[in-house]
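Read through the structure below, which is laid out as C-alpha cells, and then see the notes.
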Amino acid sequence: MSVTFCGRQLEHRVVNGSGTFDAIAAERAFGPALRAAFPFSAYVSKTITLRPRDGNAPPRLWETPAGMVNSIGLPNKGVAAYLAEDLPRYAMLPVPLITNVMGGTGEELAEVAAAVGHRPEIFALELNVSCPNVATGLDIGAVPSDLEAVVRRVRAVTAKPLIVKLTPNTADVTLCAQAAEAAGADAVSLINTLRAVPLHPDGRGGRWLGSGQGGLSGPAIRVVALAQVAAVAERVALPIIGMGGVQHGRHAADLLSAGATLVAVGTESFRDPRAAGRITEELKALENAGRARTPPGGQASVCP
Amino acid sequence: MSVTFCGRQLEHRVVNGSGTFDAIAAERAFGPALRAAFPFSAYVSKTITLRPRDGNAPPRLWETPAGMVNSIGLPNKGVAAYLAEDLPRYAMLPVPLITNVMGGTGEELAEVAAAVGHRPEIFALELNVSCPNVATGLDIGAVPSDLEAVVRRVRAVTAKPLIVKLTPNTADVTLCAQAAEAAGADAVSLINTLRAVPLHPDGRGGRWLGSGQGGLSGPAIRVVALAQVAAVAERVALPIIGMGGVQHGRHAADLLSAGATLVAVGTESFRDPRAAGRITEELKALENAGRARTPPGGQASVCP
Amino acid sequence: MSAPEVARGEDGRVLAPFGRRRGLVVSTRKVGAYVLLEVADRDGPQADPGQFHMLATVHGWGGGEDERPYLPRAFSPMGSSGGHLWFLLEDVGPGTHRLATLKKGEALWVTGPLGNGFTLPDAPSADEHPGGGRDPAFGGARRPILVAGGIGLPPVMALSGALAHRGIEATMLLGFRDAAHAQVAASFAGARLATDDGSAGHHGYVTALLRAELERDPHALVYACGPAAMLEAVRGLATGNGVPAQLALESGMACGYGACFGCVVPLTAGGYARVCVDGPVMAAGTLRSVPAL
Amino acid sequence: MSAPEVARGEDGRVLAPFGRRRGLVVSTRKVGAYVLLEVADRDGPQADPGQFHMLATVHGWGGGEDERPYLPRAFSPMGSSGGHLWFLLEDVGPGTHRLATLKKGEALWVTGPLGNGFTLPDAPSADEHPGGGRDPAFGGARRPILVAGGIGLPPVMALSGALAHRGIEATMLLGFRDAAHAQVAASFAGARLATDDGSAGHHGYVTALLRAELERDPHALVYACGPAAMLEAVRGLATGNGVPAQLALESGMACGYGACFGCVVPLTAGGYARVCVDGPVMAAGTLRSVPAL
Ligand SMILES: Cc1cc2nc3c(=O)[nH]c(=O)nc-3n(C[C@H](O)[C@H](O)[C@H](O)COP(=O)(O)OP(=O)(O)OC[C@H]3O[C@@H](n4cnc5c(N)ncnc54)[C@H](O)[C@@H]3O)c2cc1C
Ligand SMILES: Cc1cc2nc3c(=O)[nH]c(=O)nc-3n(C[C@H](O)[C@H](O)[C@H](O)COP(=O)(O)OP(=O)(O)OC[C@H]3O[C@@H](n4cnc5c(N)ncnc54)[C@H](O)[C@@H]3O)c2cc1C
Ligand SMILES: Cc1cc2nc3c(=O)[nH]c(=O)nc-3n(C[C@H](O)[C@H](O)[C@H](O)COP(=O)(O)O)c2cc1C
Ligand SMILES: Cc1cc2nc3c(=O)[nH]c(=O)nc-3n(C[C@H](O)[C@H](O)[C@H](O)COP(=O)(O)O)c2cc1C
Ligand code: FES
Ligand code: FES
C-alpha cells in the first residue's frame, strides 16, 4: 500500500492537513504512544511565516451543521524559532516532514522558503496561498497570474519538492492549478477552507469570530472538495493531495478516485486524534476488497 | 412586518429560492390549502430559458452531510409555454411573481427577458447567471465584465425590477455584485449552490449524478451564504435577497442582520412544504422579542 | 374504501394537508426480514392505494458518524384505517434503518398522501384523470393481476384490499428473495409465491408466474410494484402482450411533491416525468424504461 | 491518589491513550439542577484533578433539526476510581443535552485525560512542571482555599478529594445560582455556601466569601473553577492580595489536545495560550484576563 510521492516512498496515502495536528502538543497529551502509532505517512506542519504571529483574537471556533468554522489566524513562532525549536522535534517523527509556509508578499514568502528550503530534515515545502483568514494569503492564491509569480519566486530559492495549496475560494480552481504547474510546482494540495461568517448566537447581528470571518471545514465541504480535486486532476499532470471532510476510508478512496495521490485528514482529527489511523485501515480494507480505485503511486509525480 | 422591496409592498420577508418550489405541482398535491396558507411573500418561479429543456439525466439528487447536491439541469418548457400555460396560474397566486430567467448567451437572455419583461402579471425578473449545472450560466456570472455586459443587455429590454442572482463560485462575489449594480440591476440575490461532485457509492470511482456534477445547498452552506451576503452588503447599496441553508427564523434573522432585505428558503421546503411559513412565524417572534435586527424595509431600494 | 370526506384534487388524487405533521409510533414489529410500523396520524386523510408519504423521525434524523439521513424518505402505506397508517419497511440504509428502529411513542414527521395511486378497473373517473400515467384502457372488464416484488408489496397490498372491498377478484403474484422475506406474504391465502432461491413457492422470478398468467389470459390488466429490474420485465411483458399495466415506481426523492425535479424517469414521448407528482403509479406505455435506481 | 501505573509526560501530566475509546454509561441521576453521569472507562488511566476528557455520544451526536453537536465536548470528571468516571453535567446546549439524556448502556467516545491539572501544595514536582500555568509559589505551607462556582464544581470536588487523601486541610467555598443548583453541594459537610438569590447559604457571590477569607488569612493559596466572571474576580482578588491562585478555565474547544489552536486565552506576557494543553489549570498571574466565553 506504499506510494511514491514526489520521489519519496511513503508508507500509505494518508497525511494530515496543515494546521490540524500539532505533533508537539499531541506528544504532550499522548506521550510516546503518538510516535508509536503515528497515523500519517508524512507530517505537514502548521503554516509558518517570516515573523512570529499571535493569531486572531478569540473566539476562533464555530460549530456548524456537519462542520466547523475556524479563524485561527496562523499563529506561529516565525521561521527562525521554527528552525531552532520545532524542526529538531519534527525530525524525530517517524515520517517525512512537509513544512507549510506562507508570506504576505512574494518576497516574504521567498524569504521563508529560502530559510527552510535547504534543511535536510525537511522533505518538501507546501505553500499556503489560500488561507482565508489573512487577506494577503487569499489574494495571491485566487488570481492565477499573481499565483504564478509567487510560485516562481519560491521555485527559484529551493530545490525541494514544492506543493502549492490552492484556495477553493475562486471561480475556476483549475486555472490556479495550471498557474502553479507552469511556475514549476511539483504538486498541488486542495481544498483549504471555504470563506464563512457565523453571526453571534445572541441575535444582535454581531459576528461571532474575533476576526469576523473564518473558514469552513469538515464533512459539509466534502463534495466541494471532490469537485475541485476532480477538476484539477483533469487539467494538470501534477500529483494532488486531496482533502476536505474526510471521515472514513470511503471518503479517502473517493478523493483518490477523483485523481488525488495522497489524502489529508484535517477536522476529523479533532473528533478523534487517531482518526487518520482508522481511515488508513479502512482505506486498506477497501483496497484489499477491490472497492477502491487508487491511482498507481507516484506515476503522476514529476518531482526532482 | 411588511417590507418594501423594489417599490412593492410585501407582507413579510420570506420568499422561495428559484427552483425549489413548484407552485403548480404543489397545488396538485395540496389543493386549495396551498393558496390559503401560501408561505412566501413573493413567488419566484423556476428558471426558464428561451427554448424548452428536458434537464439532466438522472440521478439528479445526492444527500450529503447537512445538505444535498442537485443536478436538475433547468428543465423547463421554454418561455413561450411559460407565458401561455404557467403565467396564468402563477398570476392567481396571492403574492407578486418574480420570474427567473437565464440564457446561454447575453442575446438569448435578453430575448427571454424581453418576452416576459412587459407582462403585467410579473412583478420582477431574476437573472440566473449562476447555475452550476449549465456551463454557460456559470461562466457569465463569475466574470464581472461578462456579467456587466449581460445585465446591461437585459436592463435595456425591460423596465421591471431586475434582480441578479449571483454565483457563489467566484473569487470575490462583491466584484460581481458591483458589476450588476453598475449595469443597472435593482437588487441581487445570493447564494446559489456551490459546485459539488459526489461519487457513486459503489466505490468504483464513477460519478453519481447523471450530469457528473451538481450544486450543494442546505444547512452545510449557511455560513458561506452569510459570508457572501455580508460582503456584498458592505460594498453595494442594492437590496439583497439572501439565501442558503435557512431552516429556522434565527437563520433568516442572521441573513437580515448581515444586510439582506428579503430571505429565501430553498432546500428546507423539501423537508417540509410549509417550512417557509414556520420560518416566517419564527422570524416574527424574534422581531417581536427584539431578538432580530432587521433592516428597515425597502430603505436600500433604488428600484423604479 | 376512502372515507367520503377526503378532499380530492382536480385529477382525482387524495390531497395532502399542506405541511408536514407529527405522527406517533403506535407499534413496531418484525415480520420476517421486514419491519411493520404502525403510526397514529390523526389528522391525515386516508390514502388511495399507491399513494405515498414522506417520513422522517423528529429526533435523530441525521447525525452520527455520517450525518445522513437529512431528507425525508418515501413510503407507501400498506394499509390505513381510523387514523392509523401501516408501513412495511426494509432496512436498506440510514433512513430506513432509523425508521425501522423507532420505538413506541416516538414522533415522526409525516407529509402526504402524495402522488397518484392506482386507477381501479371500475373507477368511473378512470378516463378523466389527466394526472400523468393513468391509462384509459383501465375501464373494461379485464381481470387484474397484481404483481409485487419484495418491498414493492405495500402498495399492492393496499390495492388488493381496495379491490376486495369492491368485490373485484384479482390474481396475486408475489416474489421474494427467499423464505425469510416471503414470511410477510403468509396473510395472503390466495397469493402465488415465487422466491429467487426456491426456499418458498416457485423457484425463480415472479415475472415467470406473470408470463404464464398472461399466456393463459391475454385479456388481463397488470398492477405491479417492486425493484426496477422486475418492473422493467413487467413493462416488457405487458407491452409485448398488449396488456395495460400500471407500475408503481421508486425513485430517489428530495421533496415528494414536485418541488425539486429530482425524481424523474424518462418517458417514451421524450423528456422526463416526476415520479412524485406524475407517479408513482404510471402507465407502462408512457415509460421509455424503468431505470435502475 | 493516582494509581501508580499511570503514565506521565515530561511535564508531569497524566497521559491519555492515543485515540478516542468507547465508554459505557453505567448510570445517570439528576442531582438538583445537574445530571450525574457515571461512565465505565476500563482502559482509561485515572485523571489528575483538573484534567478533562473530551466526550461525544457514539449514536445521535449531531443530527436532528440543527445538526449540532458535531465536535466533542470537554468535561472534567469530579471523581474516578476502578475504571469508572463521574461527570457532573449542566444542560446548556445541544452537546450537554445529549449527554444529559444518555441512558444506561449507551456508548460514548472518550478521549483523555487531557490538559494539566491542579498542582497540589505539597507536590514535590511542583516547581519542575514546565507545562504552562504551574506556579512555583505552590510548594509552601499555604492553606488551600478551594472556590467553585456552579458547574465549576467537578474539578474542585476532585481536588478536594485528593487533598483530603493527603491529609491537607482546605477551605471550601461554593457558589451557586440558587438552592436547586446548590443541592449537589449537600455532600460537602464542611463547605461554605453562597447563592446569588440567597435561597441557601450566604446571599451573594462566592467571591465575597473569598474576599473575607483572604482578609483573615493572607497566607493562603487559591484554587478556583467556575464561570469566567467569577474567575476574573478571583484573579483580581488573588493578584491584588499577592496570593497565588490556580484557575481552571473553560473555553470553546474543537480538539482538546492542542491540534486546532481554537481554545486560546490572552496572556499577561502577550500572545495567547491554548487552554487545552497549557491549561485548563493556569496560574492567575499568567493571564491578562479571564475572557467571557
Ligand atoms: C413512492 C415510493 C414508495 C416507497 N415505499 C416503500 C415502502 O413501503 N417500504 C420501503 O421499505 N421502502 C419504500 N420505498 C423505498 C424507500 O423510500 C427507500 O428504501 C429509502 O428512501 C431508502 O433510504 P435509506 O436512507 O434507508 O437508504 P439510502 O442510503 O438512501 O439508499 C437508497 C439508495 O440510494 C442511493 N444512495 C446511497 N447514498 C446516497 C446518497 N448519499 N444520496 C442519494 N442517494 C444515495 C443508493 O443507490 C441506495 O441504494 C418507497 C420509495 C418510493 C419512491
Ligand atoms: C476543561 C473544561 C472542563 C469542563 N467541565 C465541565 C463539567 O464538568 N461539566 C459541565 O457541565 N461542563 C463542563 N465544561 C463546559 C462544557 O464543555 C460546555 O458546557 C459544553 O461544551 C457546551 O456544549 P453544548 O453543546 O451543550 O452547548 P453550546 O451550544 O456549544 O454552548 C456553549 C456556548 O458556546 C457558544 N456557542 C453557541 N453556538 C455555538 C456554535 N455554533 N459554535 C460554537 N460556539 C457556540 C455559546 O456562547 C454557548 O454559550 C467544561 C469545559 C471545559 C473547557
Ligand atoms: C483549525 C484549522 C486550522 C487550519 N490551519 C491551517 C494552516 O495553518 N495552514 C493551512 O494551509 N491550512 C490550514 N487549515 C486547512 C486544513 O489544512 C484543510 O485544508 C481544511 O481544513 C480541509 O480539510 P478538512 O475538512 O479535513 O478539515 C486549517 C484548518 C482548520 C480546521
Ligand atoms: C433542487 C434545486 C433546484 C434549484 N433550481 C434553481 C433554479 O432553477 N434557478 C435558480 O436560480 N436557482 C435554483 N436553485 C438554487 C436555489 O434557489 C438556492 O439558491 C440554493 O438552493 C440555496 O438555498 P438553500 O440552501 O435554502 O436551498 C435550486 C436549488 C435546488 C436545491
Ligand atoms: S421528489 Fe422532488 S420533484 Fe419529485
Ligand atoms: S481545543 Fe484545539 S487547541 Fe485547544
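These figures come from a predicted structure and were not determined experimentally. Per chain, numbering begins at 1; letters A, B, ... match sequence-line order.
- Not one N or O on the side chain of Arg13(C) forms a donor-acceptor pair closer than 3.5 Å with the backbone of Ala29(B).
- Side-chain contact between Asp54(B) and Pro266(C): absent, with no pair of heavy atoms (C-beta onward) separated by less than 4.5 Å.
- Top candidate by heavy-atom pairs under 4.5 Å with chain C, chosen from Gly19(B), Gly266(B), Pro58(B), is Pro58(B).
- Among Gly9(C), Ser251(C), Gly271(C), the residue making the largest number of heavy-atom pairs under 4.5 Å with chain B is Gly271(C).
- Scanning both residues, Arg20(C) and Asp272(B), for their nearest heavy atoms gives N-OD1, 2.8 Å.
- With a threshold of 4.5 angstrom between heavy atoms, Ala57(B) approaches chain C through its backbone and through its side chain.
- In this structure, the side chain of Glu63(B) does not engage the main chain of Pro69(C) through any donor-acceptor pair within 3.5 Å.
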Can I get a per-line list of side-chain donor-acceptor pairs under 3.5 Å for residues 93-103 of chain B, giving both atom names and the distance, sequence neighbours left out?
{"unit_1": "Thr99(B)", "atom_1": "OG1", "unit_2": "Tyr82(B)", "atom_2": "OH", "d": "2.8"}
{"unit_1": "Asn100(B)", "atom_1": "OD1", "unit_2": "Thr47(B)", "atom_2": "OG1", "d": "2.5"}
{"unit_1": "Asn100(B)", "atom_1": "ND2", "unit_2": "Ser18(B)", "atom_2": "OG", "d": "3.4"}
{"unit_1": "Asn100(B)", "atom_1": "ND2", "unit_2": "Glu126(B)", "atom_2": "OE1", "d": "2.8"}

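- Listed in order of number, the residues of residues 254-264 of chain C that approach chain B to under 4.5 Å between heavy atoms are Ala254(C), Cys255(C), Tyr257(C), Gly258(C), Ala259(C), Cys260(C), Phe261(C), Gly262(C), Val264(C).
- When each of Ile24(B), Thr20(B), Asn16(B) is checked for heavy-atom pairs under 4.5 Å with chain C, Thr20(B) comes out on top.
- Annotation: side-chain hydrogen bond (donor to acceptor under 3.5 Å, both in side chains) contacts of Arg60(B) (sequence neighbours excluded): none.
- The contact between Leu71(C) and chain B is made by backbone and side chain atoms together, counting heavy-atom distances below 4.5 Å.
- More than 12 heavy atoms of other residues, nucleotides or ligands sit less than 6.0 Å from atom CD of Glu232(C).
- What you find for Gly67(B) and Tyr70(C) is that their closest heavy atoms are O-CD2, 3.3 Å.
- Contact detail for Thr111(C) and Pro273(B): the closest heavy-atom pair is CG2-CG, 3.9 Å.
- When heavy atoms are compared at a cutoff of 4.5 Å, Arg21(C) does not approach chain B at all.
- Across Arg28(B) and Asp278(C), no two heavy atoms sit closer than the pair NH1-OD1, 3.0 Å.
- Both the backbone and the side chain of Ala16(C) come within less than 4.5 Å of a heavy atom in chain B.
- For residues 198-207 of chain B, heavy-atom neighbours of chain C at less than 4.5 Å comprise no residues at all.
- Of the two parts of Ser269(B), the backbone and the side chain both hold a non-hydrogen atom closer than 4.5 Å to a non-hydrogen atom of chain C.
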